[in-house]
Amino acid sequence: MRALVKHHAGEGLALDPNRTAPEPGPRDVLIRVKKAGICGTDRHIWQWDDWAASRIPVGIVTGHEFVGTVERVGEAVSRVRPGVRVSAEGHITKGTDYNSRTGNAHIASDTKILGVDRDGVFADFVCVPEENVWPVHEKIRDEVAAVFDPLGNAVHTVMEAGVSAKSVLISGVGIIGLMAVTVAKAAGASRIFCTDVNPPRLALARRLGAVEAYDARNEGWIRDVRRQTRGEGVDVLLEMSGADAAFDQGFRALRNGGRAALLGLPAKTVNFDFNQHIIFKGCTVLGINGRRMFETWYQMEELVLSGRLELDDIITHEYPIEEYQKAFATMMSGEGIKVLMRL
Ligand code: ZN
C-alpha cells in the first residue's frame, strides 16, 4: 500500500509506495482510508521539533484524522461489517486503567495515538480496535467526517466549558479555534469574542459568528471586551493558541468566577500570575485533552446534523496523497486552513 512515513530523524516525510498493509487482529478493523486531514501534530512531526524527536518512532506511518470504509474485520468483531463508512477515535487505550474504567478514557494513562505512537492514516489502510471505530451517519459528508478528530477537540472544549447564554472569548483562531467559533455559536453562546494575530483568520472568525475579532497585538482589546461585558469580563475563556501572552491576556479578560478551558499547547513553560488570574479570581480552569469517548462523538454528530455548523470555509484544500509536499506546504504557509489528502 501507499503510506506517508516518517522516514528519518529529520525534516519531512516520504511516500512509500510499497508499505506492507497492517493485518487486523481478532478485535481489529482494517479500514481503507478515503480522505485524511493534516493536523498541527503532523506539522510538528514534519518539522521534527523537540517534541517530535522525543516522541515519534522513526519509520511510523503518520496521520490520525480520516474517513474511510471498512475493508476487513477480525473474527471477534461484531459491530461493523465490510463496506461501512467510518472514522475512528485516534486515542487507543487498553480500557483497564482508572480513567478508562470510570468514563474518562480520553485521559487514560496508557493512551497510544494513531500516527504518533502507532501506524496512522496517511496510508491506503489503517488498523484500529473495534471500540474506536465510529460509523459515520449517512447525512454527513466525507470532508466533514475526515475532520471529526479536530472538530471533536473543539466540541469537547466548548461542552466542558459550558457556553449556553454566556459570553465567550476564544483566544487563537487556528483550525480548532475557528471550529470552536461555529460550535460555540451552535451550542448557544450569546456573544463570541476572538483574538489572533492573523487578520484573514480574524475576518473568517467574524463570518462564522464572532461579534468582535481583535488583533491580540493591540492590548486595547481587553478594555473593549470588559466594557462590553458590564466591566466584569467574559463568562468563559477558551484558550486555543498556546501563545505565552494569550494566557495572561485571556485571564485578564475573564470575569471573576469565570471558567477557562485550555486546549492550546505552549511551546515552553509559561510565565503566569496564579494569584491574580486564578486564586483571587476564583475561576475554574479545565485542561482539555482529546475527545470524550464517546460522549463528544455523539454531541459532534448531533451538532453536524443540526446543520448549524459552518465548516465549508475551514476545510479549504484537498490534494491527492502523491502531492503531499504541496499539501503540507499549503497547510504550513497558512494559506490553507484544514487541508485534506485523498487516498
Ligand atoms: Zn489532529
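Start at 1 and go down the list; that is how both ligands and their atoms are numbered.
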task: Using side chain to side chain contact (heavy atoms under 4.5 Å, CB included) as the criterion, list what pairs up with Glu335, not counting sequence neighbours.
output: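 For Glu335 the side chain to side chain contact (heavy atoms under 4.5 Å, CB included) partners, ignoring immediate neighbours, are His317, Thr330, Ser333.
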With a 4.0 Å cut-off on N to O distance, would you call [X] and [Y] a salt bridge?
X	Y	answer
Glu75	Arg27	no
Arg230	Glu232	no
Glu143	Lys338	no

field: Polar protein atoms near the Zn ion (ligand 1) [N, O or S; cut-off under 2.8 Å]
entry: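 Less than 2.8 Å away from the Zn ion (ligand 1) sit Cys39 SG, His64 NE2, Glu65 OE2.
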- prompt: Do Val211 and Leu238 share a hydrophobic cluster, counting only Ile, Leu, Val, Met, Phe, Trp and Tyr and linking them when any side-chain heavy atoms are less than 4.5 Å apart?
  reply: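 Looking at the clustering, Leu238 is in a separate group from Val211.
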Which atom of Asp235 lies closest to which atom of Ser167, heavy atoms considered: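 Heavy-atom minimum between the residues: OD2-N, 2.9 Å.
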